[in-house]
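Before any comments, here is the structure.
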Amino acid sequence: MDLDTLEKVLSILQREYKKWNAPVVTLIKERTNDPYKILISTVLSLRTQDKTTHKAAERLFKVADTPQKMVRLSEKEIEKLIYPVGFYRTKAKNIKKISEILLKEYNGRVPDDLDELLKLPGVGRKTANLVITLGYGKLGICVDTHVHRISNRLGIVKTKTPFETEMELRKILPKKWWIEYNDMLVSLGQTICRPIRPKCDICPLRDYCPKICVKNMEKNDV
DNA sequence: AAAACGGGGGC
DNA sequence: GCCCCAGTTTT
């Protein structure tokens with residue numbers, strides 16, 4: 001896709017996506033720029049629904065919204081607070097461990113550096129990028145499965161892993177779009193451009209999408 | 001009842 | 001590259 005088309009597509013999307021009121025995966029429900037809350041709620045959100053995540057985060061933060069408070073809770077206590085998010089045992093363990101590391105190695109602060117964040121257990125590129133962009137206002141590209149899938153469907157990139165997608169987008173996506181790109185594609189992904197049975201008939205990007213009219217996406221098609 | 005949903009880590 | 005981690009929602 002050439003740059004002019006890309007700009008056009010993103011402009012259309014920017015105009016439309018807020019109307020859908022899609023639950024925004026990338027943000028916890030109450031807008032915050034507290035890096036610790038963003039970090040923990042993003043860990044909570046992995047492979048689980050937004051509503052479940054929001055409730056769990058609310059319950060958890062009522063008891064512990066700083067690493068200092070978090071480390072006083074046992075894994076079991078954290079598990080009870082965050083249930084029923086998916087993988088709650090793993091996540092409880094990671095949340096406790098992350099909080100301990102933050103206290104021991106970073107003076108209780110969440111690092112603002114991608115590579116430092118990636119060392120934390122349960123923190124991958126999606127989570128790390130989200131923390132530096134939302135928590136610290138740094139430029140980053142956050143690639144989840146929506147961003148990966150739709151970037152490929154539209155022909156913006158041709159990649160097979162989210163990591164490659166992030167690297168490609170880093171090259172071709174104008175910087176002014178970096179932050180909003182994730183929000184827009186997630187909204188589109190949840191409402192219209194779903195993994196299976198996408199609603200192409202009501203998609204604002206149908207004129208620009210090479211996948212239009214594909215009745216059923218192939219099993220392993222993005 | 002069954003399929004769909006969505007990141008990270010260990011090997 | 002393959003498999004594990006666990007729940008809710010949709011079909």
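Lettering follows sequence order; numbering is per chain, from 1. Remember, it's a predicted structure, so these values are computed and weren't measured experimentally.
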Report summary line: A:Phe163 CZ to B:dG9 C1', in whole Å, measures 16 Å
**Report entry** Rounded distance in Å - CZ (A:Arg149) to C1' (B:dG7)
**Finding:** 14 Å
Query raised in the report: Quick one: which of C:dG7, B:dA4, B:dG6 gets closest to the side chain of A:Tyr88?
Result: C:dG7
Report summary line: In whole angstroms, the gap separating P of B:dG6 from CG of A:Asp144 amounts to 8 Å
Report summary line: From the candidates C:dG7, C:dA6, B:dG7, the one with an atom nearest any side-chain atom of A:Tyr83 is C:dG7
**Report entry** Donor + acceptor pair across side chains of A:Thr159, A:Thr165 (<3.5 Å)
**Finding:** yes
Query raised in the report: Which whole-number value in Å describes the distance from A:Leu118 CG to B:dG8 P?
Result: 9 Å
Report task. Quote, to the nearest angstrom, the C1' distance that separates B:dG9 from C:dT8. Result -> 23 Å
Report summary line: Among the nucleotides B:dG8, B:dG6, B:dC5, whichever has the atom closest to the side chain of A:His146 is B:dG6
Query raised in the report: How far, in whole Å, is B:dG6 from C:dT11 if one measures between their P atoms?
Result: 13 Å
Query - A:Lys93 NZ to C:dC4 C1', straight-line distance once rounded to whole Å - result: 13 Å
Report summary line: Of the listed C:dA6, B:dG8, C:dT9, the closest approach to the A:Lys126 side chain comes from B:dG8
Query raised in the report: Counting only Watson-Crick or G-U wobble pairs whose two distances fall under 3.5 Å, which nucleotide matches B:dG6?
Result: none
Requested in this report: Answer yes or no on whether A:Lys8 is positioned over the face of A:Tyr208, meaning its NZ or CZ is under 6.0 Å from the six-membered ring centre and within 45° of the axis.
Outcome: no
Query raised in the report: Within the pair A:Ser45 and B:dG7, is there a side-chain N or O less than 4.0 Å away from OP1 or OP2?
Result: no
Requested in this report: Tell me what A:Leu120 touches on the nucleic acid: a base, only sugar-phosphate, or nothing, going by heavy atoms under 4.0 Å.
Outcome: sugar-phosphate
Query raised in the report: Between A:Val123 and A:Gly189, which has a closest nucleotide on DNA chain B that is more 5'?
Result: A:Gly189
Query raised in the report: So how far is it from A:Tyr17 OH to A:Leu188 CG, rounded to the nearest 0.5 Å?
Result: 12.0 Å
**Report entry** Shortest side-chain distance from A:Leu46, nucleotide among C:dG7, B:dA4, B:dG7
**Finding:** B:dG7
Query - Test: A:Arg109 and A:Glu116 ion pair at under 4.0 Å - result: no
Requested in this report: Write down the distance between CG (A:Asn94) and C1' (C:dC4), rounded to a whole number of angstrom.
Outcome: 14 Å
Query raised in the report: Once you round to the nearest 0.5 Å, how far does OG1 of A:Thr133 lie from CG of A:Asp183?
Result: 9.5 Å
Query raised in the report: Separation of A:Ile82 atom CD1 from C:dA6 atom C1', in whole Å?
Result: 11 Å
Query raised in the report: Counting side-chain heavy atoms from C-beta on, which of C:dC5, C:dT11, C:dT8 comes nearest to A:Thr90?
Result: C:dC5
Query raised in the report: Within less than 4.0 Å of OP1 or OP2 of B:dG8, is there a side-chain N or O belonging to A:Arg125?
Result: no
**Report entry** Minimum side-chain heavy-atom gap A:Pro198-A:Arg153 below 4.5 Å
**Finding:** yes
Query raised in the report: Nearest nucleotide by nearest heavy atom, which residue falls closer to the 5' end of DNA chain C, A:Arg47 or A:Lys51?
Result: A:Arg47
Report task. For the side chain of A:Pro195, starting at C-beta, report the closest nucleotide among B:dG7, B:dC5, C:dT8. Result -> B:dC5
Query raised in the report: Of the nucleotides C:dT8, B:dA4, B:dG8, which has the atom closest to the A:Thr127 side chain?
Result: B:dG8
Query raised in the report: Taking atom P of C:dG7 as reference, at what distance in whole Å does atom CD of A:Glu79 sit?
Result: 10 Å
